[in-house]
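What you see is a predicted model; the values in this text were computed from it and never measured. FYI, side chains are in, hydrogens and waters are out, and symmetry mates aren't considered; it's all heavy atoms of this structure. Atoms within each ligand, like the ligands themselves, are counted from 1 in listed order.
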Amino acid sequence: MAKTALLTGITGQDGSYLAEFLLARGYEVHGIIRRASTFNTGRLEHIYADPHSGRARLFLHYGDLSDASALARLIAKIRPEEVYNLAAQSHVRVSFDSPEYTTDVTATGAVRLLEAIREVGLPVRYYQASSSEMFGKVREVPQTETTPFYPRSPYGCAKVYAYWITVNYRESYGVHASNGILFNHESPRRGETFVTRKITRAVAHILAGLQDKLYLGNLDAKRDWGYAKEYVEAMWLMLQQEQPDDYIIATNETHSIREFLDAAFGAVNLDWKRHVEIDPRYYRPAEVDLLIGDYGKARRQLGWEPKTKFADLVKLMVDADIQLLKDHREGKIKVTA
Ligand code: NAP
Ligand code: F7E
């Protein structure tokens, strides 16, 4: 019989890829969405537009990670076999401006969901979207599942709480609960205020003559960037294991923002130094200088490996933003007035 999965954060980058992945495997997929004054389901619209996409098995419900009773009600009603907690206030810079809100959603949201699972008393398998931001001021290079955490932002601190409460529900109540410690992963669906997408979107606009300057913050930080579409398979694999566990998902390569700029502007023969200006507003009160993840445990136990290399990831994002802009200009995309 088809399995049922419940996703928080289904409208986000990872949620949309995971929904596609699960629908393709015959799952009935339920997603929690927030009420907004504008449409927030843009990343899911193609599923509804394509009759072969499994749209008949996709169900969206209003809810919020700050609303425990709604979460409990949805878990009891849907009775999912698998719950993927992908929702978060996920922007590190924003977490310095809204630390309490970030804690409420990103940290306390996880325990609200775990409590709803415990209360319902069903054998639900739980995935927690943990983050390389927990390593922050890194204690070891590369980072592994045993590297101590040293978060550098309210977001990182909130993710450390969510990580440990997931371990705690596994050890205290026997919940099949796993942490995926995912390093940065990007795609054409990446939010436009994260640095990779901000850059590739700007490349498309500069190329089209619609923009001249791109304002950025710290160009020296280094990140382990992978392709989001591949990372959602690792989430699913974790919940298919007999025993719950915690896994690093990464590429074991690191590149600076400068290198990303070289690759993105270089892909269309532009020189980023003519366009990029530094705006200190984008600096963070405390920075994460270097992330690089060892995914050896995931390779050995899940059989998971990253496939898309850095240069190909940058190129596919640049190409997608150029195409998106072209479609917009040709009126192929309906803009809600
Ligand atoms: P994203 O694109 O920012 O999506 C975040 C999702 O959370 C959106 O669906 C958003 O809904 C939802 N959300 C935010 N606040 C909520 C609330 N109060 N109640 C319910 N839903 C709420 O993030 P992503 O890149 O897909 O990442 C998915 C998860 O992995 C996040 O938990 C993130 O922190 C974590 N993570 C991401 C990365 C990465 O590199 N992408 C790496 C490690 C961990 P709206 O659409 O309505 O805003
Ligand atoms: O910043 C620098 C910035 O915002 C990357 C989230 O998905 O991955 C993400 O967090 C780096 C930082 O991602 C700008 O200072 C320079 O060093 O793209 P980002 P992040 O902070 O690494 C982790 C794994 C998550 O879990 C998070 O949810 O780029 N940077 N100039 C800039 N960053 C931004 N956003 N904007 C700039 O203008």
Side-chain angles (χ1 to χ4, degrees), residues 7-19 31-36 38-44 62-67 70-71 84-96 101-102 104-106 108-110 112-113 127-136 151-153 155-156 158-159 162-163 179-187 189-199 202 214-228 231-232 235 248-250 256-258 260-261 276-291 293:
L7 279 57
T8 71
I10 193 167
T11 57
Q13 170 187 256
D14 292 6
S16 65
Y17 282 122
L18 183 62
I32 295 180
I33 62 168
R34 302 194 282 177
R35 190 269 157 183
T38 53
F39 288 114
N40 59 3
T41 49
R43 293 185 178 102
L44 299 170
Y62 284 111
D64 197 296
L65 276 194
S66 61
D67 186 347
L71 296 176
Y84 296 86
N85 183 26
L86 307 181
Q89 190 305 90
S90 72
H91 203 283
V92 174
R93 179 67 193 82
V94 171
S95 79
F96 287 99
Y101 173 73
T102 301
D104 189 37
V105 175
T106 306
T108 315
R112 289 189 185 105
L113 206 47
Y127 172 85
Q128 172 59 33
S130 287
S131 167
S132 52
E133 280 294 301
M134 300 188 301
F135 296 120
R152 294 275 278 172
S153 63
Y155 170 80
K159 284 288 185 187
Y163 170 93
N179 281 292
I181 307 174
L182 271 55
F183 283 59
N184 297 53
H185 47 283
E186 319 294 314
S187 75
R189 295 187 201 169
R190 183 58 142 153
E192 290 163 359
T193 60
F194 296 98
V195 77
T196 55
R197 185 75 199 289
K198 186 171 167 182
I199 293 170
L214 167 62
Y215 295 92
L216 295 174
N218 175 17
L219 306 186
D220 296 319
K222 295 180 109 179
R223 290 290 182 274
D224 178 330
W225 279 299
Y227 184 23
Y231 281 36
V232 299
M235 301 174 183
I248 297 258
I249 300 299
S256 65
I257 316 296
R258 278 176 213 282
F260 195 100
L261 286 164
V276 171
E277 306 254 336
I278 300 302
D279 184 338
R281 277 184 311 157
Y282 295 112
Y283 289 153
R284 292 158 187 200
E287 179 61 283
V288 172
D289 296 320
L290 165 73
L291 290 174

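Within the 4.0 Å heavy-atom criterion, neither part of Ala228 lies near ligand 1. Heavy atoms of Asp64 found under 4.0 angstrom from ligand 1 belong to the backbone as well as the side chain. The proximity of Tyr62 to ligand 1, defined as any non-hydrogen pair under 4.0 Å, does not occur for either the backbone or the side chain. Counting heavy atoms closer than 4.0 Å to ligand 1, residue Arg34 contributes side-chain atoms (C-beta onward) but none from N, CA, C or O. Here Arg190 has side-chain heavy atoms under 4.0 Å from ligand 1, and that is the only part of it that gets that close.
Of all atoms in ligand 2, numbered sequentially from 1 with element shown, those under 4.0 Å from a heavy atom of Ala221 are 17 (O). Atom numbering of ligand 2 starts at 1 in the shown order; those under 4.0 Å from a heavy atom of Glu287 are 3 (C), 12 (C), 15 (O), 17 (O). Taking every heavy atom of Ser131 and a limit of under 4.0 angstrom, the matching atoms of ligand 2 come to 23 (C), 24 (C), 25 (C), 26 (O). Counting the atoms of ligand 2 from 1 in the order shown, those under 4.0 Å from a heavy atom of His91 are 35 (N). Distances below 4.0 Å separate heavy atoms of Gly217 from the following atoms of ligand 2: 14 (C), 16 (C), 31 (N), 38 (O). Residue Ser132 approaches ligand 2 through these ligand atoms, each under 4.0 Å from one of its heavy atoms: 24 (C). For ligand 2, the atoms sitting less than 4.0 Å from at least one non-hydrogen atom of Lys198 are 37 (C), 38 (O), numbered in the order shown with element in parentheses. Less than 4.0 angstrom separates some heavy atom of Val92 from each of these atoms of ligand 2: 10 (O), 21 (O).
Ion pairing between a basic and an acidic side chain is recognised when a charged N comes within 4.0 Å of a carboxylate O; Glu133 and Arg93 show no such pairing. The existence of a salt bridge linking Arg258 and Asp220 is confirmed by a sub-4.0 Å separation between a basic side-chain nitrogen and an acidic carboxylate oxygen.
Assignment of Glu133 to the shell around ligand 1 is not supported, since no heavy atom sits closer than 4.0 Å. Residue contacts with ligand 2 include Tyr155, since one or more of its heavy atoms lies under 4.0 Å from the ligand. Not a single heavy atom of Trp225 sits closer than 4.0 Å to an atom of ligand 1. By the 4.0 Å heavy-atom criterion, Thr8 is excluded from the residues contacting ligand 1. Within the 4.0 Å heavy-atom cutoff, Asn184 counts among the residues contacting ligand 1.
Looking at Arg43, its side chain never comes within 3.5 Å of a backbone N or O of Ser16 through a donor-acceptor pair. Judged purely by atom type and a 3.5 angstrom limit, Gln89 uses its side chain to pair as donor or acceptor with the backbone of His91.
Closest to atom 34 (O) of ligand 1 among all protein heavy atoms lies Tyr155 OH, 2.5 Å. Annotation: atom 30 (O) of ligand 1 to nearest protein heavy atom, Ala129 CB, 3.4 Å. Ranking the protein heavy atoms by distance from atom 11 (C) of ligand 2 puts Ile257 CD1, 3.7 Å first. Residue, atom and distance of the protein heavy atom nearest to atom 37 (C) of ligand 1 are His185 CE1, 3.8 Å. For atom 43 (C) of ligand 1, the nearest non-hydrogen atom of the protein is Leu182 O, 3.1 Å. Protein heavy atom at the shortest distance from atom 5 (C) of ligand 2 is Val195 CG1, 3.7 Å. For atom 11 (O) of ligand 1, the closest heavy atom belonging to the protein is Thr11 OG1, 3.2 Å. Looking only at protein heavy atoms, the nearest one to atom 35 (N) of ligand 2 is Thr193 O, 2.9 Å. Ranking protein heavy atoms by distance to atom 27 (C) of ligand 2, first place goes to Ser90 O, 3.3 Å. The protein atom (non-hydrogen) at minimum distance from atom 44 (C) of ligand 1 is Ser130 O, 3.5 Å. Of the protein's non-hydrogen atoms, Asn184 ND2, 3.1 Å is the one closest to atom 8 (O) of ligand 2. Distance from atom 2 (O) of ligand 1 to its nearest protein heavy atom, with residue and atom name: Gln13 N, 3.1 Å.
Considering only residues two or more places apart in sequence or on other chains, Tyr227 meets the ring pair (Phe, Tyr, Trp, His ring centres under 6.0 Å) condition with none of them. With sequence neighbours excluded, the residues that form a side-chain hydrogen bond (donor to acceptor under 3.5 Å, both in side chains) with Arg281 are Asp279.
Ligand 2 has no N or O atom lying under 3.5 Å from any N or O atom of Thr196, backbone or side chain.
The option with the heavy atom closest to atom 31 (C) of ligand 1, from among Thr193, Leu7, Leu86, is Leu86. Between the choices Arg284, Arg93, Arg223, the shortest heavy-atom distance to atom 1 (O) of ligand 2 belongs to Arg284. In this comparison of Arg281, Lys222, Arg190, the heavy atom closest to atom 7 (O) of ligand 2 sits on Arg190. Evaluated by nearest non-hydrogen atom to atom 23 (O) of ligand 1, the leading choice among Gly12, Ala162, Ala70, Ser90 is Ser90.
Looking at heavy atoms from C-beta onward, Val92 lies out of side-chain contact with Arg152 at the 4.5 angstrom threshold.
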